Each structure stands twice: as C-alpha cells, then as structure tokens.
S.K.: 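Got a structure for you, written out below as structure tokens; questions coming shortly.
In what follows, every heavy atom counts, from backbone to side chain, and hydrogens, waters and symmetry copies are set aside. Since the structure is predicted, the reported quantities are computational estimates derived from the model, not experimental observations.
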Amino acid sequence: LAQAISRAQEAMATGEIQGVIDDARSKASADSDSGRGQYANKLELLLSLVGYAVGLGNVWRFPYLAYTYGGGAFLLPYLTCLLLLGLPIFILELGLGQITRRGTLGAWQQLKLPRWQGVGVAATLCTFLVCLYYNVILTWTVYYIGRTFMAMPTGILPWSDAAAGFECPQTTLYPSIEIADSPYLIDSQGLYNSSFDGNFWCPSGSDSTPPAGFVEKVVRPSSCPARAATVFWEAEVLQQSSGMDELGGFNPGLLLSFTIAWLLVYLVVFKGVASSGKVVYVTATLPYLCLVVFFVRAITLPGAVTGLEFFIKPDFAFVAKPEVWLRAAVQIFYSLGVGFGSLITFASFGSKSNNFVKDAINVSSINCGTSIFAGFVVFPLLGYLASELSGVDPCISGSSMDELKSIGLSGTGLAFIAFPIAISKMPGGFFFAMLFFVMLLALGIDSQFAMVESVVTVLSDAGLEKRLSRPALSGIVCLAAYVIGLVFVTRGGIYWFNLFDYYSCLLVLFAVTGCECIVLTWSSGGQTWQDFKTKCQEWTGIRLGLRFQTAWKWICPLLLAVLIMADITPPLGKFDLMGAETSLPYPEGDGYLPSWSIYIGWCLALLPMLAIPIIAAFPHILATTEESQKTTETAAEVNC
C-alpha cells in the first residue's frame, strides 16, 4: 500500500496522472464525435460537395456573364479568380470543418477562439437569408413542371404563342420609306418578309422615334414566341404587381408550389446527413445526364454554330475592364459556395483522415468544368433561338446574338424566358421541357438543402439538439423560412426576391472568408496556425507548407479587401443597386421600387456583418455544445 501511494504521489508530481486524464478526455471527445452524424462513405461526401457547388449559377449565371463580358475572354478572369481566391478558400473551409469536427460556429470554439464565433454567425445569417429567397427558384421550377404536365393533353406548351387564349399583341415595325408601302413587306400571317432585312430601323432603349427616312408601321403577327414566353412569366407565373409597395395578395399556384418546394427540402434534411447523403446519389448526378442530352440536341439545331462561335471566340477588350474581374470573383464565390459555412458543415461530417486538399481540387475542377460545359449547351441553344426569332423580328439577326438582350438573358430571364422559348420551337418540346425543369430542380435542391443543413448544424452545435430531435430542429428551421418567405410568392414578390438577391451577400461573403484566413494564420501569435497545421498532418498526412500559409495569410486577405472596396466605392460600387430612384411602375417600367427599399437592402447587407464585432466584444453571448460539456465536466470535478 505504501509503495502504491508513493508511486501515485510520484505520478502526480511528474504530471503523468494529468496526462492520463487528458487522454481520457480526448478519447471521450472522439467518442462523442462518433455519435455525430457522418456520411456512410467518402462518395456521399464528394457527391454532397459536388451537388452543393454545382448549382443553378453554373447553368444560368455563368453563361449570362460569358455572354455579357466577351464570350471566351471571360474565362481568363474567371479561372484566375479560381486559382487565387476560390480554390485556396475552398481548401481552407474543408480543412476547418474536417479538423474541428464542427460547423461554422462550433469550429471557432474548437480552435479556442470564442471571440471569433461572430464569423460563423455572420455566415449563418447570410446563409439563412439566401435560403429564404433561393427556394423561390425551386418554387418557379415546380410551377413550370406542374403547368407542363397539365398541358400534355393539349399538345401545346403553356408558354407557346399557340396556347389557348393567347393572341400576339400589336407590334410596331420601322421600315424605310422605300419599302413601307410594298405589298410584299408583310404577309397574310402578319410576319415581315425576310428579304427586306436591313431596311428596318431598330429602336434602342427608350428612344422610339424613328429617324428621317423611316416610318412607323403597326402589325399583328401570328407568331411571337418571345412575347408569349414573357407574358406567361410575368402575367401567369408572377402575376406581377406594379411595384414593391403593392404586394397584391398571394398567387395561389405559386403558393402551392412554394409549399411543395419546402416539403421536398425538409424530406431531404430532416435526418441530417443520414437522409441527405442518400439523396445526392440522384440529385448530384442527374443534372449531368440532362446536360449531356441537351448538348447532343443543341449542337444539331439550326444556328448552333453561331452560338458556339460567340462563346468560343474571345473579345479580350473586356479583360481590361475592372467590372469584369469583380463579376468573375463574385461568380466564383457563388459557384463554389465559399463563405456560407456549408462547406465547413459538410467536411465536419466526413472522415478525419480525408485528403481535403485533393477533395477541394477535384470538386472545384468539376464545378468550373460544369460551368464551361454548360456554356457549350446554352450557347448553341441561344444561337438556335436567334435563328428562330429572326424570322419574326427584323431587329434580331440569325447570324448574331447581340440582339438577344432584348428578351432578357440575365438571371431568371435565361432560365424562365429564353430557354422556354427555344424549347417551344424544338421538336419534342414536352420531353425537353420536363428534362430542363427537372434538371433545374435537381441543381437547385442540392444547394438549398446544403444551406439549410448548415443552419441546422450551427443550431445543433449551439446545444439545441440536446433539447430537440434532429427532425424537429430541421422542421423548425424550414417552417420559419417558409413563413418568412411567403412574401416572395405574393404578386409583388419578384421585387423582394431581387432585393434579397442584390444585397444579402453583397459584402458578407468577402468579410467572412477574409476573417477565416486572417484569424487562422495571424491569431495567438501564429500558434493557432501551428496547432492547426500539426493536427492536419497528424490526422491526414497533409503538410500545409509555405504556399498555403502565403495564400491564406497574405494573398487572399489582400484580394478580398480590394473586392470589398470595389463593391462599396464608385464607379463599380453603387448605393442604389437596383435603380430605385429611376424606377417606373410595371408594365410601363420594370416595376416601382420605393426609396426605402435601398435602406432595407443595405440592412440586409450589413446586418450579418455586425455579428462579428458584437460577438468579439461579448463572446459569452453564445454557448456552444463544447462550452456546455466543459461546464458539466467542471461541475462533476467539483462534486468529486
């Protein structure tokens, strides 16, 4: 007994007992991680990352940016921003999640930096704001699927100019005086004779007064596919009110579609990665099958070569414009999904030994490759669209795509106006319509449930999962987002959608990722970086050398600071992003935006960022699961 006591005293003196206690606590922590939901295998993690990163922006935002900023020339700033910003931050966020085994909030507590939990809060607030309006895109998609299905018995797509009840409105043409009275100018169908191409004046902007030598001629054409698709979108889908200050009640069809969309999201996330990890086998792979089918069809359509030439042929004059580089950087952030916290969440559910650097390179390459491949799908279709519309509109040339801007290719216009027009003119329109909108649904729901999963994980790491089951917690988040998001399915909802889209992520993504880089590499005199690097090598075998430290310590923060300054200072930065001061009520203009919409927009932009300084000053506002666990352990030790 005396020898045992002596050995115990000696062990306490040398710290061995404390080492045993620390080892036991480490083992207990590892065991608690094993109780945390995890992907069944690495393939589920990779598919989740691909499904999240490859979203709607790859199919409509990237092609629109390439169309606007020099075709193939846009790839230069796009790939440069990927290498200097997107990929390094993608690697960083996967590493943070995998090493800390927590979401975007709990990761900072694990790094022993509670004052920086505000970075996670800012990312989560931004993600929640995006969740609110992003699901509306799924809503529109569900609505189009429903209307397409219901129209099958008629054999006519609901946005076609041959749909029942639709009549082409009168159209004003401006032929030259020499041909204005020709009996061959307009045929019996109200369509102009294409042999007179080049003898029409085409108005630009709001100027509709023809110059000398041209006269006004009003006709009612029998075919107007662009007008029909636009009317269907504005009058039937949106039922658009005159402006933001006129909500105008709910659109019943959209309300039902909105409800279905949120139910689909809940069914994916209600059990966390245990349920979402299985869904991605379909939602992450189906879009590629659809894109391949569309590609094969698109390159065989008339005018496809015109579209491909526009995409491939670069106009390097755009590369010298700062705006192009800013748009490329923003697209990389949206496309890869960095700064939202979802990547950290996904990685926290993966294996500790994953090679997250390799995963990030693979997923980033797949994501950007998908954007480029989508360009080879979209531009042949736009070329076909120009070819078809040139037969009904003398101001659109079948050999050029410059005039397609008149039908609206930005954002929702490409997906819900331009694509439907092309599909309505294609043989087998119903098949391609269903294929296209199912593809959009698969692309969108992956990104949506990833963002919802990120929000739920943050709440779970904050300790709420001890009081509520995972299905209940997921249900509360989805229900709250559903109730708040009802404003988007009113007749004035499109204005609120655009407000959130313009402002909610304007600055916070750059701020969050900048803080992640700076805090990891600069805090605690560099000790945080050393600890992170050591644990990374211990768990994965990856050596985070000088190139990673340089990128995260210097290059990324400096570039992000430049982007923030560009976003808030003229000429690129604007206070009135949506043009509220010059807006006109619909249909005279695009819709009236009250001046107070500008201030609401900036509140959306700045509110998430306020969390960073507030929680830095008052870190004890938050209590994560780890803090609660430590409090319990301390109490137990005192009782002993």
S.K.: Do Gln110 and Arg102 have a side chain donor and acceptor closer than 3.5 Å?
M.R.: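 No - no donor-acceptor pair under 3.5 Å links their side chains.
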S.K.: Nearest 0.5 Å, please: how far is CD1 in Ile344 from CG in Leu94?
M.R.: 9.0 Å
S.K.: Among Val59, Leu286, Leu289, which residue satisfies the side-chain contact (heavy atoms from CB on, under 4.5 Å) criterion with Met439?
M.R.: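 Per the side-chain contact (heavy atoms from CB on, under 4.5 Å) rule, the option paired with Met439 is Val59, out of Val59, Leu286, Leu289.
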S.K.: Taking atom OG1 of Thr490 and atom CD of Gln240, what is their separation to the nearest 0.5 Å?
M.R.: 11.0 Å
S.K.: If you count the non-hydrogen atoms of other residues, nucleotides and ligands that lie under 6.0 Å from NZ in Lys535, is the total more than 12?
M.R.: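 Open: at most 12 neighbouring heavy atoms sit under 6.0 Å from NZ of Lys535.
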S.K.: Can you confirm whether more than 12 heavy atoms, excluding those of Lys358, are under 6.0 Å from its NZ atom?
M.R.: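 At most 12 heavy atoms, drawn from other residues, nucleotides or ligands, come within 6.0 Å of this atom.
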S.K.: Going from CG on Asn251 to CG on Leu238, what distance comes out if it is rounded to the nearest 0.5 angstrom?
M.R.: 8.0 Å
S.K.: Please name all residues satisfying side chain to side chain contact (heavy atoms under 4.5 Å, CB included) with Leu263, sequence neighbours left out, ordered by chain then number.
M.R.: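 Result, side chain to side chain contact (heavy atoms under 4.5 Å, CB included) vs Leu263: Thr259.
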S.K.: Checking Ser460 side chain against Val456 main chain: does a donor-acceptor pair fall under 3.5 Å?
M.R.: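 Checking the backbone N and O of Val456 against the side chain of Ser460, no donor-acceptor pair under 3.5 Å is found.
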S.K.: Is there a side-chain contact between Phe250 and Leu486 in this structure, where contact means two heavy atoms from C-beta onward sitting under 4.5 Å apart?
M.R.: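 Yes. Closest side-chain heavy atoms under 4.5 Å.
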S.K.: Indicate the atoms forming the closest heavy-atom contact of Phe432 with Phe294, along with that distance.
M.R.: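 What the structure gives for the nearest pair is O-CZ, 3.3 Å.
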S.K.: Can you tell me if Thr141 uses its side chain to pair, donor with acceptor, with the backbone of Phe437 under 3.5 Å?
M.R.: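 A pair under 3.5 Å: no.
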S.K.: When rounded to the nearest 0.5 angstrom, what is the spacing between CD1 in Ile91 and CG in Leu343?
M.R.: 11.5 Å
S.K.: Do Trp159 and Tyr144 have their ring centres less than 6.0 Å from each other?
M.R.: yes
S.K.: Can you name the closest pair of heavy atoms from Val265 and Cys478 and give their distance?
M.R.: CG1-SG, 4.5 Å
S.K.: Minimum heavy-atom separation for Ser447 and Gly55, please, with both atom names.
M.R.: OG-CA, 3.9 Å
S.K.: Given the side-chain rings of Phe548 and Trp552, with only the six-membered ring counted for Trp, is the space between their centroids under 6.0 Å?
M.R.: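 Yes; Trp552 has its ring centre under 6.0 Å from that of Phe548.
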S.K.: For residues Leu443 and Asn58, determine if any side-chain heavy atom of one lies less than 4.5 Å from a side-chain heavy atom of the other.
M.R.: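 No; the side chains remain at least 4.5 Å from each other.
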S.K.: With a 3.5 Å distance limit and no angle check, can you tell me whether Ser454 reaches the backbone of Ala450 through a side-chain donor-acceptor pair?
M.R.: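 Pair absent, no side-chain N/O of Ser454 close to backbone of Ala450.
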S.K.: Check whether Thr285 reaches the backbone of Tyr281 with its side chain - one donor and one acceptor, N or O, closer than 3.5 Å.
M.R.: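 Yes: the side chain of Thr285 pairs with the backbone of Tyr281.
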S.K.: Taking Ser353 for its side chain and Thr540 for its backbone only, find out whether a donor-acceptor pair lies under 3.5 Å.
M.R.: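 Such a contact is absent between Ser353 side chain and Thr540 backbone.
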S.K.: Decide side chain to side chain contact (heavy atoms under 4.5 Å, CB included) for Leu96 and Phe532; before the verdict, give the C-alpha distance in whole Å, the side-chain angles of both, and the deciding distance to 0.1 Å.
M.R.: CA-CA 9 Å; Leu96 279 175; Phe532 181 81; 4.2 Å; yes
S.K.: Would you confirm whether Gln239, through its side chain, and Ala235, through its main-chain N or O, come within 3.5 Å as a donor-acceptor pair?
M.R.: no
S.K.: What orientation do Phe379 and Phe310 show, parallel under 30°, tilted 30 to 60°, or perpendicular over 60°?
M.R.: parallel
S.K.: Measure from the side-chain N and O atoms of Trp108 to the backbone N and O of Thr104, and report whether any donor-acceptor pair falls under 3.5 Å.
M.R.: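 Yes; at least one donor-acceptor contact below 3.5 Å.
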S.K.: Within a strict 4.5 Å, meaning less than it, do heavy atoms of the Thr127 and Phe340 side chains meet?
M.R.: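 They are in side-chain contact.
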S.K.: Would you please test Trp60 and Ile137 for side chain to side chain contact (heavy atoms under 4.5 Å, CB included) and show each step?
M.R.: CA-CA 12 Å; Trp60 79 26; Ile137 304 174; 3.5 Å; yes
S.K.: Mind running side chain to side chain contact (heavy atoms under 4.5 Å, CB included) on Tyr143 and Thr139 for me, showing each step along the way?
M.R.: CA-CA 6 Å; Tyr143 183 86; Thr139 300; 5.7 Å; no
S.K.: Can you confirm if the aromatic rings of Phe373 and Phe295 lie within a centre distance of less than 6.0 Å?
M.R.: yes
S.K.: Using a 4.5 Å cut-off on heavy atoms from C-beta on, say whether the side chain of Val452 contacts that of Val477.
M.R.: yes
S.K.: For Tyr288, I'd like to know if atom OH has over 12 heavy atoms of other residues, nucleotides or ligands within 6.0 Å.
M.R.: yes
S.K.: Closer than 3.5 angstrom, by distance alone: can the side chain of Gln38 be matched with the main-chain N or O of Gly350 as a donor-acceptor pair?
M.R.: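 No, the answer is negative, given that no donor and acceptor are paired below the 3.5 Å cut-off.
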S.K.: Taking all non-hydrogen atoms of both residues into account, name the closest pair between Val130 and Cys505 and its distance.
M.R.: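 For Val130 versus Cys505, the nearest heavy atoms are CG2-SG, 3.3 Å.
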S.K.: Treating Gln448 as the side-chain partner and Cys131 as the backbone partner, does any N or O pair qualify as donor plus acceptor under 3.5 Å?
M.R.: yes
S.K.: Step through it carefully: locate the ring centre of Trp140, locate the ring centre of Phe497, and say whether they are under 6.0 Å apart.
M.R.: yes
S.K.: Can you tell me how far CD1 of Ile99 sits from CH2 of Trp539, rounded to the nearest 0.5 angstrom?
M.R.: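 Output value for this atom pair is 5.5 Å.
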S.K.: Under 6.0 Å between ring centres, would you say that holds for Tyr78 and Phe62?
M.R.: yes
S.K.: What's the shortest heavy-atom distance between Asn367 and Ala53, and which atoms?
M.R.: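 Result for this residue pair: OD1-O, 2.9 Å.
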S.K.: Do NZ/NE/NH1/NH2 and the carboxylate oxygens of Lys271 and Glu453 come within less than 4.0 Å?
M.R.: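 No, no charged N to carboxylate O under 4.0 Å.
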S.K.: Taking the six-membered ring for Trp, are the ring centroids of Trp496 and Phe488 within less than 6.0 Å of each other?
M.R.: no
S.K.: Using a 3.5 Å cut-off and no angle test, enumerate the donor-acceptor pairs between side-chain atoms of residues 419-428 and protein atoms at least two apart in sequence or in another chain.
M.R.:
| unit_1 | atom_1 | unit_2 | atom_2 | d |
| --- | --- | --- | --- | --- |
| Ser424 | OG | Pro420 | O | 3.4 |
| Ser424 | OG | Ile421 | O | 2.6 |

S.K.: Can you name the nearest heavy-atom pair linking Ser474 to Val269, along with the distance?
M.R.: OG-O, 3.3 Å
S.K.: Any non-hydrogen side-chain atom of Phe166 less than 4.5 Å from a side-chain atom of Phe232?
M.R.: no
S.K.: With the side chain counted from C-beta on, respond yes when Asn135 and Leu138 share a heavy-atom pair under 4.5 Å apart, and no when they do not.
M.R.: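 Side chain of Asn135 against side chain of Leu138, heavy atoms only: contact under 4.5 Å found.
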S.K.: Do Phe74 and Thr68 have side-chain heavy atoms sitting under 4.5 Å apart?
M.R.: no
S.K.: Would you say that Leu132 contacts Ile484 through its side chain, given a criterion of any heavy-atom pair below 4.5 Å between the two side chains?
M.R.: yes
S.K.: Is it the case that the ring center of Tyr134 lies less than 6.0 angstrom away from the ring center of Phe500?
M.R.: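 That pair fails the under 6.0 Å test.
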S.K.: Would a line drawn from the ring center of Phe311 to the ring center of Tyr67 be shorter than 6.0 Å?
M.R.: no
S.K.: In Å, rounded to the nearest 0.5 Å, how long is the span from CZ of Phe270 to OG of Ser276?
M.R.: 10.5 Å
S.K.: May I ask you to establish whether Arg327 and Tyr69 are in a cation-pi arrangement, using a distance under 6.0 Å from NZ or CZ to the six-membered ring centre and at most 45° from the ring axis?
M.R.: no
S.K.: Just by distance, do the side chain of Asn354 and the backbone of Phe356 share a donor-acceptor pair under 3.5 Å?
M.R.: no
S.K.: For a side chain to side chain contact (heavy atoms under 4.5 Å, CB included) check, start with the C-alpha distance between Leu82 and Leu336, then their side-chain angles and the critical distance, and finish with the verdict.
M.R.: CA-CA 9 Å; Leu82 169 67; Leu336 293 179; 3.9 Å; yes
